[in-house]
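Input: a single structure, listed below in structure tokens.
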Amino acid sequence: MSETAVKAPGVPDAGRWKALVFIALAQLMVVLDATIVNIALPSAQQDLGISDGNRQWVVTAYALAFGGLLLFGGRIADLWGRKRTFVTGLAGFAVASALGGAATNEAMMFGSRALQGVFGALLAPAALSLLAVMFTDAKERAKAFGIYGAIAGGGGAVGLILGGFLTEYLNWRWTFFVNIPFAIVAAAGAYLVIREPQGGRNRSPLDIPGVILSTLGLVSLVYGFTRAESNGWSDALTVGMFVAAAVLLLTFVIVESKVKAPLLPLRVITERNRGGIYLSLGLAIIAMFGLFLFLTYYLQVVKGYTPVKTGFAFLPMIAGMITGSTQIGTRLMTRVAPRLLMGPGFLVAAVGMLLLTQLEINTSYAGVLLPGMLLLGLGMGTAFMPAMSMATMGVEARDAGVASAMVNTSQQVGGAIGTALLNTIAASATTSYVADHIGGATSRSQQQLVQLQGQVQGYTSAIWFAVGILVAAAVIALTFINAGRPGGTTVTGSAAGDGAEDELPVPVVAH
């Protein structure tokens, strides 16, 4: 690595705010990609002749590679250097996006999506552990993570707007090509301005058994939930995937407790504050992912919105997230204990979700949807910001990448669970409602009305579960997380457990 790429430890990096721009740009690209492709999926499916049975692989191929390789990607960042891993991840993501945009058949599309997932798993932990070690002043760090958290939270909804525009006015291929300029600018900027602190590498030998067991275990788990959504929970392969995941991950934990240089040191996940962060964030993502899906369907199928109009309808949620993250979270993070932001934040989001249980076919956007999404965004932004910023609380610098990857993993698995679990609840409620009411519908228009009412009944039933999940996330945050507010202005995050309970060591955030 060149001399300009390394800085002395303990000295604030002069280029840290410029670096934040490029790291945030990379994060925006990854978050946009999660929703922008969903909007383009129907058009891509038709052009490439992908069957209904296989279309889920456009999403699943990415999710499996990304979710399965996150821990490995985090460890590579610790071993190889965060800047180098970050730039490599961006370059690879751009190439994979170009292949996706140029796809001529389904195999090429699925392969490019898997490749995007591989490089995303390198990029995400590297970017955010890099951000964490560059901001060591408590107030600056709060501001940096506030900006970052707003992008991480709101980027998905921006993806709906951008995806709608690109699909309607250009074509679906541009939803892939748009990643390329993002990646080039972010990689060039990162190469020029990012400098890593010295002494943060973990040069221990790579834990190959741990890599294999964690990758296979996480892939089995994510695929189990993805398959449950389409084939049901009693499907033989679904059950087999869950059993395999349980065996592989249990074996992984046993191996990690015995090897000299583990892929995931168990100290990273067993400390109560970090455990509380991973668990409450995972639960919150379960609720969020399900809701995003239901609101998109509700607005387009029931209300008849276009993709572009649907994207704009999500703007209050983005505004709420930005306000909660950059105004409330950032301003209060250095003044109050993290649990007093996270717990109430999740509860405010639950109130917003509660409003959305009142959805009906003719529900007013201004009367129900707008305040519900605003409260949801406000609560999530307020809660996510401190949660993300203390994700490596007390972790040694050499474990920062893998601790960051654990947040990614909890969110990725949470997303897979949320989509499958809440979809199943919604589908079951819809089927039950239609079966009970279709007999009284004598004309075709009445039957269509019952079908639509059944869909809305399914959405609201699932949203009730999401309310309960958010309340559970709030309870976990309030009981597990006992760290106080940051006690000083500068944080080193050097050794696990060497800080008093009222200090907040170096944070790492991950999408």
On a heavy-atom basis, which atom in [X] and which in [Y] lie closest, and how many Å separate them?
{"X": "Y62", "Y": "G117", "result": "CD1-N, 3.4 Å"}
{"X": "L354", "Y": "V467", "result": "N-CG2, 3.7 Å"}
{"X": "T88", "Y": "L122", "result": "CG2-CD1, 4.4 Å"}
{"X": "L48", "Y": "R173", "result": "CD2-NH2, 4.1 Å"}
{"X": "L69", "Y": "V118", "result": "CD1-CG2, 3.7 Å"}
{"X": "T460", "Y": "T357", "result": "CG2-O, 3.3 Å"}

**Request:** Can you establish whether the number of heavy atoms outside F480 located under 6.0 Å from its atom CZ is more than 12?
**Result:**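 Not more than 12 within 6.0 Å, no.
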**Message:** Would you say that more than 12 heavy atoms from the other residues, nucleotides or ligands in this model lie under 6.0 Å from the CZ of F465, or not?
**Reply:**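 No, because the 6.0 Å sphere around CZ of F465 holds 12 heavy atoms or fewer from other groups.
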Indicate yes or no for a side-chain donor-acceptor contact from [X] to the backbone of [Y] under 3.5 Å, with no hydrogens or angles considered.
{"X": "T430", "Y": "G454", "value": "yes"}
{"X": "S428", "Y": "I425", "value": "no"}
{"X": "Q457", "Y": "A429", "value": "no"}

**Message:** In the structure I gave you, are the side-chain heavy atoms of E256 and D207 within less than 4.5 Å of one another anywhere?
**Reply:**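 Yes; the side chains approach each other to less than 4.5 Å.
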**Prompt:** Taking C-beta and beyond as the side chain, do L369 and L299 meet within less than 4.5 Å on heavy atoms?
**Reply:**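 Sidechains of L299 and L369: in contact.
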Nearest 0.5 angstrom please: [X] [atom1] to [Y] [atom2], how far?
{"X": "Y297", "Y": "N423", "atom1": "OH", "atom2": "CG", "value": "7.0 Å"}
{"X": "L221", "Y": "L64", "atom1": "CG", "atom2": "CG", "value": "10.5 Å"}
{"X": "L206", "Y": "D78", "atom1": "CG", "atom2": "CG", "value": "11.0 Å"}
{"X": "T215", "Y": "F252", "atom1": "OG1", "atom2": "CZ", "value": "8.5 Å"}
{"X": "I254", "Y": "S257", "atom1": "CD1", "atom2": "OG", "value": "7.0 Å"}
{"X": "L248", "Y": "M241", "atom1": "CG", "atom2": "CE", "value": "9.5 Å"}

**Message:** For Y298 and F294: C-alpha separation, side-chain torsions, deciding distance, then whether ring-ring contact (aromatic ring centres under 6.0 Å, His included) applies.
**Reply:** CA-CA 6 Å; Y298 173 78; F294 298 139; over 10 Å; no
Tell me which donor-acceptor pairs under 3.5 Å the side chains of residues 95-103 have, and how far apart each pair is, sequence neighbours excluded?
| residue | atom | partner | partner atom | Å |
| --- | --- | --- | --- | --- |
| S97 | OG | F93 | O | 2.8 |
| S97 | OG | Q116 | NE2 | 2.9 |
| S97 | OG | N179 | ND2 | 3.1 |

**Request:** State which residue, out of L237, V222, V239, fulfils the side-chain contact (heavy atoms from CB on, under 4.5 Å) condition with R227.
**Result:**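 Of all the options given, the one that passes is L237.
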Please set out all donor-acceptor pairs under 3.5 angstrom arising from side-chain atoms of residues 303-316, sequence neighbours excluded.
| residue | atom | partner | partner atom | Å |
| --- | --- | --- | --- | --- |
| K303 | NZ | T363 | O | 2.7 |
| T306 | OG1 | K309 | N | 3.1 |
| T310 | OG1 | T306 | O | 2.8 |

**Asked** Considering residues at least two apart in sequence or located in another chain, which fulfil the side chain to side chain donor-acceptor pair (under 3.5 Å) criterion with T251?
**Response**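 Testing T251 for side chain to side chain donor-acceptor pair (under 3.5 Å), a comparison that skips the adjacent residues, returns none.
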**Request:** Check the angle between the aromatic planes of F242 and W233 and answer parallel, tilted or perpendicular using the 30° and 60° thresholds.
**Result:**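 Rings of F242 and W233: parallel, under 30°.
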**Message:** I'd like to know whether the aromatic ring centres of F165 and Y169 sit less than 6.0 Å apart in this structure.
**Reply:**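 Close enough - the centres of the two rings lie under 6.0 Å apart.
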